Amino acid sequence: GNSYQPGEELPAVDLVVIAGTPEWLGPHLEPLARIRHTSGAPVFYLGIDYPSTELPCSPGDLRMLSGALIVTRGGLATQALQTLGIQAHMLPCPALFAAPFEYPARALKSIGIVLQSDRVANQAVSAGLKARMLGMLAVLQPRYSVKIICNYIDEYLEFSPRIDGPVCYSYDAGEYFGLLADCDMVISTRLHSALIANSLLKPAIMTNAEPRVCSAVELCPYIFVREPEDVPGFLEHFEPDPVTRNLFNWKRNQEAQYLEI
């Protein structure tokens, strides 16, 4: 919807795949609705979710959802669709399969912390959560090898001068697999960093309890939701090796269910 603005009627297609949260409904999907109208192509909604159980569906959205194959990544979207009489499969977010390799953790020595700012235009966290994460960092640094991982250059510019230790950023999204692969555990305020950690066979801790985040994390037993203040105590008794083995088997099982669908 953002990059392709057709000047004329769109060509026929064989399949429409709609993925993203919450970009899977709304006026910007009208061009795709026209594709479906002209081609009769089947529609596949992949890994969708929504911040609430009330969907602002237009008639065009309902036409596309009716008869489509739908996989939600959380309970909020599933409930919302059920209230409209639309059935869906529910599986963990397909970002679980994003990593091009797997690098399981066997010990707990290196920790990656994905830290967000409260000063960016998009994907900001509250000032309170940022302060609590920085307080958690101060407790963990004497105990583990810790590095901060920033997804936005604005965050890197904010944190790199004030944090004593490595602060990492890359303009190349593909490099984040390597940044996270060096860690035995990933602690994150950002959902997809935790999911990519699981994709690499790393356990993760999510410290952001927003409803949209929790809806997706509920399906991921190896992303542990904890308050920042509770993380140091949790890590003291954490054994990564058996968790990693279970994570490997769970990921294979989820993959089989996706392929069956």
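Note that this is a predicted model, so its numbers are computed, not measured.
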Nearest heavy-atom pair of [X] and [Y]: which atoms, and what distance?
X	Y	answer
Ala197	Leu180	N-CD1, 4.5 Å
His192	Ala95	CD2-CB, 3.7 Å
Ala41	Val16	CB-CG2, 4.3 Å
Lys202	Ala181	NZ-O, 2.9 Å
Lys251	Phe97	O-CE2, 3.9 Å
Ser117	Lys130	CA-CD, 4.1 Å

Sorted by chain and number, sequence neighbours left out, side-chain contact (heavy atoms from CB on, under 4.5 Å) with Ile261 holds for Leu69, Val71, His89, Leu91
According to a hydrophobic-cluster definition based on side-chain heavy atoms being under 4.5 Å apart (Ile, Leu, Val, Met, Phe, Trp, Tyr only), do [X] and [Y] belong together?
X	Y	value
Leu179	Leu137	yes
Ile48	Tyr258	no
Val13	Ile18	yes
Leu108	Val139	no
Ile148	Val120	no

Apply side chain to side chain contact (heavy atoms under 4.5 Å, CB included) to residues Phe101 and Leu200 and explain how you reach the verdict. CA-CA 7 Å; Phe101 58 90; Leu200 290 161; 3.6 Å; yes
Under 6.0 Å from the [atom1] atom of [X], do we count more than 12 heavy atoms belonging to anything else shown?
X	atom1	value
Gln82	CD	yes
Glu260	CD	no
Asp164	CG	no
Arg132	CZ	yes
Tyr156	OH	no
Asp14	CG	no

Between [atom1] on residue [X] and [atom2] on residue [Y], distance to nearest 0.5 Å:
X	Y	atom1	atom2	result
Met185	Thr244	CE	OG1	8.5 Å
Asp118	Met133	CG	CE	13.0 Å
Tyr144	Ser110	OH	OG	11.5 Å
Asp230	Met136	CG	CE	11.0 Å
Lys109	Ser145	NZ	OG	10.5 Å
Ile149	Ile111	CD1	CD1	11.5 Å

If we only count heavy atoms from C-beta on, is the [X] to [Y] side-chain gap below 4.5 Å?
X	Y	result
Glu236	Arg143	yes
Cys150	Val167	yes
Ile187	Leu140	yes
Ile113	Lys147	no
Cys168	Tyr176	no
Tyr45	Ile86	no
Thr53	Gln79	yes
Cys220	Leu96	no

Within 45° cone and under 6.0 Å: Arg162 NZ/CZ vs Phe159 ring: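 Not flagged: Arg162 not positioned over aromatic ring of Phe159.
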ask   = Passes side chain to side chain contact (heavy atoms under 4.5 Å, CB included), Leu134 versus Ile163? Steps please.
value = CA-CA 9 Å; Leu134 291 172; Ile163 291 177; 4.1 Å; yes
Exercise. Are any side-chain N or O atoms of Gln116 and backbone N or O atoms of Gln123, one a donor and one an acceptor, separated by less than 3.5 Å?
Worked result: yes
inquiry  = Given 3.5 Å as the limit, does a donor-acceptor pair link the side chain of Asp61 with the main chain of Ser58, or not?
reply    =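 A pair under 3.5 Å: yes.
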Note: Glu155-Arg119 ion pair, threshold 4.0 Å (strictly below):
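Salt bridge absent between Glu155 and Arg119.
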One pair to check against salt bridge (Lys or Arg N to Asp or Glu O under 4.0 Å): Asp184 and Arg106. What are the steps and the verdict? CA-CA 7 Å; Asp184 301 315; Arg106 299 301 185 195; over 6 Å; no
Going by the angle between their ring planes, with limits at 30° and 60°, are Tyr222 and Phe224 parallel, tilted or perpendicular?
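Tyr222 vs Phe224 ring planes: perpendicular.
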Evaluate the criterion side chain to side chain contact (heavy atoms under 4.5 Å, CB included) for residue pair Leu195 and Cys93; output intermediate values, then yes/no. CA-CA 8 Å; Leu195 286 163; Cys93 180; 3.7 Å; yes
- Let me see the working for Asp49 and Thr72 under side chain to side chain contact (heavy atoms under 4.5 Å, CB included), right down to the final yes or no. CA-CA 6 Å; Asp49 205 356; Thr72 69; 5.8 Å; no
Given the side-chain rings of Tyr152 and Tyr169, with only the six-membered ring counted for Trp, is the space between their centroids under 6.0 Å? no
What about the rings of Tyr103 and Phe177, do their centers lie closer together than 6.0 Å?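 No, ring centres 6.0 Å or more apart.
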Donor-acceptor contacts under 3.5 Å from residues 205-214 side chains, at least two apart:
unit_1: Thr207; atom_1: OG1; unit_2: Ser188; atom_2: O; d: 3.3
unit_1: Asn208; atom_1: OD1; unit_2: Glu210; atom_2: N; d: 3.2
unit_1: Asn208; atom_1: ND2; unit_2: Thr189; atom_2: O; d: 3.1

* In the hydrophobic clustering that connects Ile, Leu, Val, Met, Phe, Trp and Tyr at side-chain heavy-atom distances below 4.5 Å, which members other than Leu219 occupy its cluster, ordered by chain and number? ->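 Via sub-4.5 Å side-chain contacts, Leu219 links to Met90.
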